[in-house]
Amino acid sequence: MELKELLDILNKHRLFLLLTAIVCAVVALVGSLQIPPVQSAQITLYVKRTAQPASEEFYNYDGYYAQQAAERYADTVVGLLQSRSLLKDSLLDLGLPTDQKFLRSVGKKINVRKTAPQLVKVEVHKRWKGGVSWIPKDLANVLSSRVVEKVDKLNTRGGDDGLSVDVLSQDLLVEVRNPNIVLNTMVAALFGFLVAFFVVTFRRYLEN
């Protein structure tokens, strides 16, 4: 099909193409307005190991090994934060259900990762909608408090009591992300136009 034929199709069916694009844009606009925003809360934990005091009598490498131990232990902290047992205890603290279905649902909304050798970032996100109500900020706070307590308890029972976890900042980073209404509307309009153009072009092809 030549360019002249394509331009002829655009000119002949311009009203249909325009109306289809408008309808798709309106549907996307209404749908985007109905989508609830997503709230996320982020908190960063610092894993450390206290080095032994320096001695004037002899030189030791404890400062270096203390840092190495803390970097390795950060993986353990990530594992604890991802465990169902810690999540269950945190949900109990908030008075929320602890059945397997709810645990799986909430667990999918928690992202734990190392952002540096001794830094662990916890992000909890949730889209506001019906169901059991809970706030990401509250869960992030409880999770961080729980893991600090768990590490202290484990390391005072035969572990390395020099290891500890601290909250880097008490002020959580809370963000609310709304759907990109403009982008969704423009994409829907373009999609509607392309679909309509394909339909009229295909019909023209069959007629020929």
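Note: hydrogens, waters and symmetry copies are ignored here, and every other heavy atom, side chains too, is used. None of these values were measured; they are calculated from a predicted model.
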task = Please examine the side chains of L190 and M186, heavy atoms only from C-beta on, and report whether any two atoms are closer than 4.5 Å.
result = no

Notebook entry, point to check: In the single-linkage hydrophobic clustering (I, L, V, M, F, W, Y; side-chain heavy atoms under 4.5 Å), do V30 and V187 co-cluster?
Noted result: no

field: Between Q42 and K121, a side-chain donor and acceptor under 3.5 Å
entry: yes

Side chains of V142 and L94, heavy atoms from C-beta outward: is any pair under 4.5 Å? yes

Correct closest heavy-atom pair for S90 and L143 would be OG-CD2, 3.4 Å

Would you indicate whether the side-chain heavy atoms of L91 and L139 approach each other to under 4.5 Å?
yes

Between the CG atom in N155 and the OH atom in Y73, the distance rounded to the nearest 0.5 Å is 4.0 Å

Shortest non-hydrogen pair, F197 vs L17, comes out as N-CD2, 3.3 Å

For S164 and D152 the tightest heavy-atom approach is CB-OD1, 4.3 Å

- What about L29 and F193, same hydrophobic cluster or not, with Ile/Leu/Val/Met/Phe/Trp/Tyr joined at side-chain heavy-atom distances under 4.5 Å? no

| query | With side chains defined as the heavy atoms from C-beta onward, is the minimum distance between R113 and N111 less than 4.5 Å? | reply | yes

Requested in this report: Decide if atom NZ of K114 counts as having more than 12 heavy atoms of other residues, nucleotides or ligands within a radius under 6.0 Å.
Outcome: yes

Self-check item: F16-L194 co-clustered via ILVMFWY side chain contacts under 4.5 Å
Solution: yes

In this structure, NZ of K109 is separated from OG of S40 (nearest 0.5 Å) by 13.5 Å

So CG of D89 and OG of S83: to nearest 0.5 Å the spacing works out to 8.5 Å

Report yes if the side chains of Y46 and Q118 come closer than 4.5 Å at any heavy-atom pair, otherwise no.
-> yes

- Item | Working for side-chain contact (heavy atoms from CB on, under 4.5 Å), residues T44 and V120 | CA-CA 6 Å; T44 302; V120 177; over 6 Å; no

### Task
With side-chain contact (heavy atoms from CB on, under 4.5 Å) as the test, would you mind laying out the steps for V147 and V77 before giving the verdict?
CA-CA 7 Å; V147 79; V77 174; 4.1 Å; yes

Between L163 and V151 the two heavy atoms that sit nearest each other are O-CG1, 4.3 Å

Distance col, row E175:CD vs E123:CD, nearest 0.5 angstrom, shows 7.5 Å

Original post:
Any chain of hydrophobic side-chain contacts (each under 4.5 Å) joining L18 to V26?
Top reply: yes

Verify, without hydrogens or angle tests, whether K108 (side chain) and R104 (backbone) share a donor-acceptor contact under 3.5 angstrom. no

OG1 of T185 to CD1 of I22, rounded to nearest 0.5 Å, is 12.5 Å

Should L103 and D99 count as side-chain neighbours, where that means a heavy-atom distance under 4.5 Å?
-> no

Across all chains, not counting sequence neighbours, the side-chain hydrogen bond (donor to acceptor under 3.5 Å, both in side chains) partners of K150 are none

Closest heavy-atom pair, I43 versus A140, reported as atoms and distance to 0.1 Å, is CG2-O, 4.2 Å

Exercise for review: May I have the step-by-step check of side-chain contact (heavy atoms from CB on, under 4.5 Å) for T201 and V199, ending in yes or no?
Suggested key: CA-CA 5 Å; T201 304; V199 170; over 6 Å; no

Note to self: Do D93 and R146 make a side-chain contact, defined as non-hydrogen atoms from C-beta onward lying under 4.5 Å apart?
What the structure shows: yes

Tested for side-chain contact (heavy atoms from CB on, under 4.5 Å) against V165, the lone hit among T76, L81, L45 is L45

dist Q100:CD -> R84:CZ (nearest 0.5 Å) comes out at 6.0 Å

For A25 and A189, the nearest pair of non-hydrogen atoms, with its separation, is CB-CB, 3.9 Å

query = Does F102 reach the side chain of L87, with side-chain heavy atoms less than 4.5 Å apart?
reply = no

